[in-house]
Amino acid sequence: MALHIHDTLRGKKVKFAPRKKGEVRIYVCGPTVYDLAHIGNARPVVVFDVFTRLLRRLYPKVTYVRNITDVDDKINAAVKESGETIQAITERTTKIFHDDMAALGNLPPDHEPKATDHIDGMIELVKKLLESGHAYEAESHVLFSVPSMPDYGKLSKLNRDDLIAGARVEVAPYKKDPADFVLWKPSTDDLPGWDSPWGRGRPGWHLECSVMSEKFLGPEFDIHGGGQDLIFPHHENEIAQSTCAGGIGKDGGFAKYWMHNGYLMAEGEKMSKSLGNFYTVHELLDEFPGEAIRLALLKTHYRQPLDFTKVGIRQAKQELQRFYTAIRIAGDVEAKKVEPPEEIIIALEDDLNTPYALTHMHDITSDLNNATTDEEREKLKGKLIGAGQLLGIAQQIPVDWFRWQPAGTESLDDATIKILIAERNQARKSKDFAEADRIRDQLEAQGILLEDGAQGTTWKRK
RNA sequence: GGCGGGAUAGCCAAGAGGCAAGGCGGCGGUCUGCAAAACCGCUAUACGUCGGUUCGAUUCCGACUCCCGCCUCCA
């Protein structure tokens with residue numbers, strides 16, 4: 001089975017074929033760096049991380065671009081509120097974003113361009129749109145003329161009349177058509193701005209992705225991804241800007257396929273800052289291992305709505321315990337041929353069916369636990385770890401995984417635990433089970449669980 | 001009003017027109033000094049409601065209910 005993905009543009013699952021043989025170019029919308037990433041921001045990062053891992057296995061060359069948007073009115077608002085400089089906010093937020101995403105086991109993209117490094121390109125793009133009659137100037141703004149593009153709305157399946165009918169925001173008076181959107185807007189002195197043919201100003205929201213995707217992937221690339229909420233207006237407007245500025249080829253130009261991940265709720269309610277029921281990745285990482293958070297996201301198919309809960313993370317953590325326990329028990333044999341088994345690849349090739357891939361991982365785990373010969377165990381251990389490679393889980397050394405503890409907890413150090421285990425085993429040897437159990441209970445009270453195995457006593461944290 | 005996604009066991013969650021995967025949790029057993037882990041077994045009066053198509057639907061169609069979202073700057 002070849003790779004199939006659900007394409008938002010065509011509205012169905014389709015067979016994937018890259019524009020250039022053996023090469024895949026993918027662009028995913030990254031964060032606007034004004035605040036800590038919440039778990040909803042993490043979903044597309046994790047989803048497309050697994051997806052690009054799969055692509056790299058399937059194709060010799062993959063270029064994955066994910067941008068950082070560091071110019072935006074939300075950033076300006078954050079500046080006003082905190083008094084920090086823009087640079088301080090965007091750099092700090094970017095740093096934390098990187099740390100948080102790494103903690104969730106995400107590999108960095110090949111390129112991570114920043115919007116502010118590409119203002120010149122944006123100005124060029126706006127010029128092109130003006131020259132080709134797809135844009136116009138009005139009151140120091142430059143606007144995209146939606147009526148100039150006959151098939152505007154093809155991604156979101158919204159037509160211009162619907163847009164106008166559903167408008168909840170007052171239409172700016174300088175717009176020729178209510179559906180037109182801003183390409184460039186003027187900045188007052190207290191706002192970030194760049195010199196342009198239309199005066200000092202700053203770019204509209206969608207411009208950066210049009211410019212940076214072309215710069216790193218060319219005017220026609222393969223896949224554009226992001227959260228469902230970006231379909232309209234962001235991606236719709238990117239299509240408008242990029243295709244009307246040129247770069248229209250046989251596949252309609254710009255991205256050939258569009259992939260969007262589903263929405264997230266938190267604890268049964270829609271995530272909302274005003275309700276306070278959203279989790280930042282940062283705070284979650286204090287309480288849970290990043291890998292458990294990652295798995296909680298991958299347990300649900302990426303296009304399904306996901307109700308993200310702490311109970312869900314705990315369940316994910318239990319599943320990881322199972323994988324790592326099996327790997328730990330098989331610690332006496334070398335994993336052989338560590339690479340993703342066929343069934344895992346097949347599951348993921350079917351529009352990234354991570355839940356089904358996980359089912360296979362559990363099957364492999366059962367087989368490993370049931371294996372009787374070392375030869376089988378070597379093979380199955382390799383399969384299990386190989387499967388985890390694609391999903392970005394089960395890659396740690398088991399000891400490290402079992403050692404993890406929440407931030408700020410003060411528990412016994414490894415050396416002390418070792419000593420207590422030795423004392424307990426001494427007691428067991430001399431049949432002083434009361435003392436042995438006392439030590440075990442004492443450790444358990446500190447969150448340390450003991451397991452007496454054939455190869456001695458091992459421990460893990462709850 | 002327009003457009004889109006969802007509703008499967010205590011919980012999470014795949015799936016296919018023809019006996020309802022998997023995991024977590026729970027229960028019983030084997031193993032263990034006892035545990036834990038592992039293993040074995042059990043754990044859904046049939047998949048939101050009502051109709052329709054069909055030999056047969058939970059899977060297709062229609063209506064409805066509820067939930068989530070988009071309709072100009074939110075992943």
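Every chain is numbered from 1 and lettered A, B, ... according to where its sequence line falls, protein lines coming before strand lines. What you see is a predicted model, and the numbers here were worked out from it, not measured in a lab.
Residue-to-nucleotide contacts include no donor-acceptor pair under 3.5 Å from the side chain of A:Glu319 to the base of B:C24. Between the base of B:C34 and the side chain of A:Asp452 there is a donor-acceptor pair shorter than 3.5 Å. Applying the 3.5 Å distance criterion, the base of B:A35 shares a donor-acceptor pair with the side chain of A:Arg440. The base of B:C24 does not come close enough to the side chain of A:Arg314 for any donor and acceptor atom to sit less than 3.5 Å apart. Interface remark: the A:Asp363 side chain does not form any donor-acceptor pair with the B:G22 base, using a distance-only criterion of under 3.5 Å.
Contact annotation: A:Lys74 does not reach the phosphate of B:C73 (side-chain N/O to OP1 or OP2, under 4.0 Å). Look at A:Thr359 and you won't find any side-chain N or O under 4.0 angstrom from OP1 or OP2 of B:A14. Contact check, A:Gln228 against B:G5: no side-chain N or O comes under 4.0 Å of OP1 or OP2. At B:A36, none of the side-chain N or O atoms of A:Lys460 fall inside 4.0 Å of OP1 or OP2 (strictly under the cut-off). One finds a side-chain N or O of A:Asn353 lying less than 4.0 angstrom from the OP1 or OP2 phosphate oxygen of B:G15. Within the 4.0 Å cut-off from OP1 or OP2 of B:A75, not a single side-chain nitrogen or oxygen of A:Asn261 is found. The shortest distance between the side-chain N/O atoms of A:Arg322 and the OP1/OP2 oxygens of B:C39 is below 4.0 Å.
No donor-acceptor pair under 3.5 Å is formed between the side chain of A:Asn353 and the backbone N or O of A:Ala347. A donor-acceptor distance shorter than 3.5 angstrom exists from the side chain of A:Arg294 to the backbone of A:Gly105, with no hydrogens or angles considered.
You'll find that the side chain of A:Lys270 is closest to B:G69, out of B:C11, B:G69, B:C40. When each of B:U72, B:C68, B:A75 is scored by its nearest atom to the side-chain atoms of A:Met265, the top-ranked nucleotide is B:C68. Side-chain proximity of A:Glu451 to B:A38, B:A37, B:U72: nearest is B:A37. Set against B:C68, B:C11, B:C71, the side chain of A:Val311 has B:C11 as its closest nucleotide. The listed nucleotides are B:G25, B:A14, B:C74; the one nearest the side chain of A:Pro355 is B:A14. Set against B:C71, B:A38, B:G6, the side chain of A:Asn369 has B:A38 as its closest nucleotide. Distances were taken from every side-chain heavy atom of A:Ala436 (C-beta onward) to each of B:G33, B:C74, B:C12; the shortest belongs to B:G33. For A:Asn370, the side-chain atoms get nearest to B:C40 when compared with the rest of B:A75, B:C40, B:C11.
Using the Watson-Crick or G-U wobble rule with both distances under 3.5 Å, B:C70 pairs with B:G2. Nucleotide B:U45 forms no Watson-Crick or G-U wobble pair with any nucleotide shown, as no partner meets the under 3.5 Å limit on both distances. If you check B:G62 for Watson-Crick or wobble pairing at under 3.5 angstrom, you find it paired to B:C50. Nucleotide B:A57 forms no Watson-Crick or G-U wobble pair with any nucleotide shown, as no partner meets the under 3.5 Å limit on both distances. Judged by Watson-Crick or G-U wobble contacts below 3.5 Å, the nucleotide B:G17 has no partner. Searching all strands for a Watson-Crick or G-U wobble partner of B:C11 with both distances below 3.5 Å returns B:G23. Base pairing of B:A38: its partner is B:U30, meeting the Watson-Crick or G-U wobble criterion (both donor-acceptor distances under 3.5 Å).
Contact annotation for A:Arg424: base contact, defined as any heavy-atom pair under 4.0 Å involving a base atom. Note on A:Asp307: nothing from the nucleic acid sits closer than 4.0 angstrom, heavy atoms only. Among the protein residues, A:Leu230 comes within range of the sugar-phosphate backbone only, with heavy atoms under 4.0 Å from sugar or phosphate atoms but none that close to a base. Counting any heavy atom pair closer than 4.0 Å across all strands shown, A:Val45 reaches no nucleic acid atom. Nucleic acid contact for A:Lys185: base, since at least one base atom lies under 4.0 Å from a heavy atom of the residue. No engagement by A:Gln321 is indicated, since no non-hydrogen atom pair under 4.0 Å with the nucleic acid exists. At the heavy-atom level, A:Leu264 lies under 4.0 Å from base atoms of the strands shown. When heavy atoms are screened at a 4.0 angstrom cut-off, A:Gly40 is found touching base atoms of the nucleic acid. Residue contacts shown for A:His301 are limited to sugar-phosphate atoms, with no base heavy atom under 4.0 Å away.
With ring centers used as reference points, A:Phe254 lies under 6.0 Å from A:Phe221. Less than 6.0 angstrom separates the ring centroid of A:His362 from the ring centroid of A:Phe323.
Atom pair A:Leu358:CG and B:A21:P shows a separation of 18 Å (rounding to whole Å applied). As rounded to whole Å, 10 Å separates atom P of B:U72 from atom OH of A:Tyr152. Distance A:Glu238 CD to B:C74 C1': 15 Å, rounded to the nearest Å. Separating the CZ atom of A:Arg10 from the C1' atom of B:G4 is a distance of 18 Å, rounded to the nearest angstrom. The CZ-P distance, from A:Arg303 to B:C68, rounds to 21 Å in whole Å. Rounding to whole angstrom units, CZ of residue A:Phe232 and C1' of B:G5 are separated by 18 Å. In this structure, A:Ile329 places its CD1 atom 10 Å from P of B:A37, rounding to the nearest Å. Rounded to an integer number of Å, the gap from A:Tyr324 OH to B:C24 P is 16 Å.
Along RNA chain B, the nucleotide nearest A:Ser366 and the nucleotide nearest A:Lys299 are compared for position; the residue whose nucleotide lies closer to the 5' end is A:Lys299. Across the interface with RNA chain B, nearest-nucleotide mapping of A:Asp437 and A:Gly453 shows A:Asp437 to be the residue nearer the 5′ end.
Note: A:His134 and A:Phe144 have parallel aromatic rings, judged against thresholds of 30 and 60 degrees for the angle between ring planes.
By the stacking rule of 5.5 Å between ring centres and under 30° between planes, A:Tyr356 does not stack on the base of B:A14.
Checking A:Glu291 against A:Tyr324 by side-chain atom types alone, a donor-acceptor pair falls below 3.5 Å. A side-chain donor-acceptor contact under 3.5 Å links A:Asn425 and A:Thr457. Judged by distance alone, the side chains of A:Tyr27 and A:Asn67 do bring a donor and an acceptor atom under 3.5 Å apart.
A cation-pi arrangement is present between A:Arg328 and A:Phe402, with the terminal nitrogen or guanidinium carbon under 6.0 Å from the aromatic centre and inside a 45° cone about the axis.
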